[in-house]
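Proteins get letters first, then strands, A, B, ... in listed order; numbering begins at 1 in each. Both backbone and side-chain heavy atoms feed into the values below; hydrogens, waters and symmetry mates do not.
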Amino acid sequence: MIRSTHLPLLITLATFVLAYALCASAYPAMLSWRVIANLLTDNAFLGIAAVGMTFVILSGGIDLSIGSVIAFTGVFLAVILRDTSIHPLVAFALVLTLTTGFGAAMGATIHYLEMPPFIVTLAGMFLARGAAYVLSTESVPITHEFYDTLQGLYWKVDGARFRLIGGLMVLTFLVGIITAHRTRFGQNVYALGGGEQAAKLMGVPVARTTIGIYAVSGGLAGLSGIVFSLYTSAGYSLATVGVELDAIAAVVIGGTLLTGGYGFVAGTFFGILIMGLIQTYIVFDGTLSSWWTKIVIGGLLFAFILLQKGLTWAAQKRAAQARRRTATGSAALS
Amino acid sequence: MKDTPTHPMPVLHARGISKFFPGTIALDDVDLRLMPGEVHALLGENGAGKSTLIKCLTGAYRRDAGTLMLDGQDVAPGSTADSQLLGIGTVYQEVNLLPNLTVAENLYLGRQPMRRGFIARRRMNAQARDVLAGYGLDIDPAEPLTAYSVAIQQVVAIARAVEMSGKVLILDEPTASLDRDEVQLLFGVIRQVKARGLAVVFITHFLDQVFEISDRATVLRNGRVVGECLLRDVTQRDVVTMMLGRQLEAQVKTRDTGRPGKTLLDIKGLGKRGMIAPFSLTIREGEVVGLAGLLGSGRTETANLIFGAVPADHGQVLLRGREIGLRNPRDAVAHRFALCPEDRKIDGIVGDLSVRDNIILALQARQGWMRPIPRAKIEEIAQSYVRALDIRLASLDMPIRLLSGGNQQKALLARWLATNPDFLILDEPTRGIDVGAHAEIIALIEQLRADGMALLVASSELEELVAYSTRVIVLRDREQVSELTGDQITPDNIINAIATEDAA
């Protein structure tokens with residue numbers, strides 16, 4: 001049975017299918033495993049970060065720091081692997097601890113100082129970007145055999161290479177979906193997005209949940225940074241500027257309401273794929289400027305905002321009807 | 001009225017509860033005994049201390065004195081979450097559930113059934129269905145909460161509170177936004193909760209509902225307990241007398257009703273679903289129609305409906321025999337209606353504007369902002385009303401919030417009188433003002449009537465209504481229940497009309 005709350009997710013899915021069909025009809029070559037594999041690989045870092053952003057937005061918050069945290073992670077890894085003999089796995093653990101703690105600190109600031117997430121994570125954005133500059137202003141290449149090993153891992157289908165980082169993104173989405181729907185933490189995230197006051201009255205641990213949400217977002221930004229460093233084999237403090245906005249766009253196109261409470265992690269996955277698809281189309285076309293990506297994404301965002309507004313109206317109308325229905329229903333009951 | 005039957009031990013026994021706010025005593029030595037399996041109504045007019053008492057019981061406020069015993073144990077809940085865990089669940093008028101979650105998710109938030117570390121959704125939905133079926137609801141718990149009406153949401157909230165707490169259930173005006181059928185649905189649920197041995201506290205302004213569902217009542221007035229009684233031993237009239245605290249002496253007043261003029265307004269079947277039942281009313285020039293009734297009986301709603309502040313969903317209004325549409329207050333103002341609202345701080349004055357600007361506001365609004373009233377004219381109008389109404393102020397330039405309550409009220413009246421209305425609606429014109437200003441406003445109402453204006457005055461002050469009304473409409477539970485004219489208008493008769501028990 002199709003439930004009304006699933007409608008935005010279905011629309012996102014339909015948009016993806018439609019967009020892919022359009023692309024494939026223009027360029028039949030796009031209907032290949034290779035394109036799909038590249039979609040996953042090229043958008044892996046954005047997708048992982050967008051999972052964290054989905055949790056943040058579902059709770060009614062926003063996290064502007066993730067682009068900077070990704071850049072910081074990249075530079076941190078590059079510098080550590082260049083200057084020390086620490087094994088990359090240890091470095092990964094170190095940077096994940098750091099970014100998770102950074103997110104948790106922002107969450108604590110938001111909750112205990114009752115500050116708007118926008119301002120707190122804006123400060124976080126400057127802090128993380130600044131820290132990246134402090135480590136290095138230059139692009140630092142990463143040369144380590146373990147990196148080569150990781151980059152060399154892939155699963156071959158029909159000549160297409162499904163690489164490790166794409167798989168990592170899919171795994172992150174799966175864990176995210178289960179967390180959102182099958183754990184108390186996930187339910188508490190939705191509860192916060194539905195109304196903090198009511199959630200508090202219903203016994204939701206608001207402090208723990210808020211800190212947890214931003215810790216998850218920070219940690220996933222760290223993971224995204226690791227993936228980005230694997231993708232580019234370098235750490236550069238000027239990289240991934242504005243990625244937080246791309247992530248927000250993916251979340252919204254994925255059908256999540258910016259005001260929180262409504263949406264699905266799975267929607268974000270298709271949001272990412274839609275955005276990746278647009279980019280791929282422009283590459284295939286070859287004559288279009290890459291800025292068209294931005295224009296199409298802008299148009300899509302507008303369309304989805306209008307759609308959400310329309311759905312909200314429809315829901316209100318339905319609620320009014322339900323009221324009338326129960327008036328007769330309860331008469332039958334009594 | 002006091003009665004102390006020998007009964008089993010109360011589930012919750014509050015003794016000597018006091019709560020002070022700066023300048024006022026909100027609760028003064030209040031006792032409350034809640035018996036298992038009983039519905040206990042908490043009654044009192046606005047400001048009697050009902051909600052303060054509830055907040056002290058649920059830990060939302062800290063009491064300044066008194067003890068709270070739950071099942072014979074001293075308890076001191078520090079927050080609403082605390083009291084929930086202790087066994088005191090509360091359901092408020094506005095449903096405190098999450099609109100974005102499903103019914104089952106709301107019911108089990110924080111205590112979901114788990115399987116191997118994950119929420120067992122199917123089991124949760126099945127359990128939710130069983131629990132709700134126990135309350136007579138056959139709904140799909142996997143649907144979002146907002147797919148269902150407020151009444152059903154209330155039942156879900158009650159189910160959650162009962163499942164979580166299970167000793168005391170406090171219902172704070174749960175029926176305020178429900179219609180009759182929905183109220184019956186809710187009452188069925190309350191009876192079941194009662195049968196399970198919980199103590200239920202029921203707060204409402206609707207007396208019929210109190211007598212229908214409650215076993216016992218505690219009446220509060222001005223922060224003190226007036227009495228506790230078994231409702232089967234008393235009449236509605238007794239309860240109203242306790243709430244209002246009036247001596248029921250016949251107070252016959254000879255009045256100069258004058259000759260009522262031509263019919264100004266003819267209201268036919270005007271009403272809005274869930275707000276006020278359709279009513280008809282004729283108002284003539286030179287007539288003061290009083291609206292009496294307890295708080296929540298629909299006085300303010302009637303006033304707002306006639307003024308178009310809330311659009312009606314059926315009925316029509318004839319002005320001098322011609323039908324007019326009242327979709328919003330601008331329409332009403334254009335037809336020379338005026339409304340002085342009940343809560344002048346929220347709906348009336350613009351605190352930081354000068355007295356002069358506040359007085360001229362409605363007139364200027366009616367003229368339209370494109371045609372400003374000349375400065376000299378403004379001065380003249382403001383001055384003349386300040387003199388006529390004896391508004392005491394240092395200067396017309398002072399912000400209106402610095403005036404006393406009575407003077408603010410008079411300035412508001414001046415605002416609407418400046419528009420030279422044919423029909424003036426006053427909602428609680430004497431609330432919160434001192435005795436002197438009180439008398440002046442009553443005199444002014446008399447004066448306006450004598451000058452041929454039609455007035456509709458809603459008030460909870462019975463003597464006041466008796467003093468100036470040519471007719472009194474009595475409202476109960478958002479319905480007109482009777483109309484008193486001439487010598488019938490006495491406080492006694494009004495109380496009788498409010499309290500009349502008929503088969504509703």
Per-residue tally against chain A (heavy atom, under 4.5 Å) across B/Arg111, B/Arg121, B/Met114 peaks at B/Arg121
- Query: With no hydrogens and no angle check, is any side-chain donor or acceptor of B/Asn100 less than 3.5 Å from a backbone partner on A/Tyr190?
  - Reply: yes
One should read off an interatomic distance between A/Gln187 CD and B/Gln112 CD, to the nearest 0.5 angstrom, of 5.5 Å
### Message
I'd like to check B/Pro144 versus A/Tyr262 (side-chain heavy atoms, cut-off strictly below 4.5 Å). Are they in contact?
### Response
no
Cut-off 4.5 Å, heavy atoms of chain A, and the answer for B/Arg115 is neither
| message | Are more than 12 heavy atoms, taken from residues, nucleotides or ligands other than A/Arg208, located less than 6.0 Å from that residue's CZ atom? | response | no
Ranking B/Leu109, B/Thr102, B/Leu85, B/Leu101 by heavy-atom pairs under 4.5 Å to chain A gives rank one to B/Leu109
Under 4.5 Å to a heavy atom of chain A? For B/Gln84 that would be side chain
Report task. Could you tell me whether a side-chain N or O of A/Arg184 sits under 3.5 Å from a main-chain N or O of B/Ile119, the two making a donor and an acceptor? Result -> no
Does B/Lys272, at its NZ atom, have more than 12 non-hydrogen atoms belonging to other residues, nucleotides or ligands within less than 6.0 Å?
yes
Closest non-hydrogen atoms of B/Pro99 and A/Gly194, given as atom of the first, atom of the second and distance, are CD-O, 4.0 Å
Closest heavy-atom pair, A/Ala198 versus B/Leu98, reported as atoms and distance to 0.1 Å, is CB-CD2, 4.0 Å
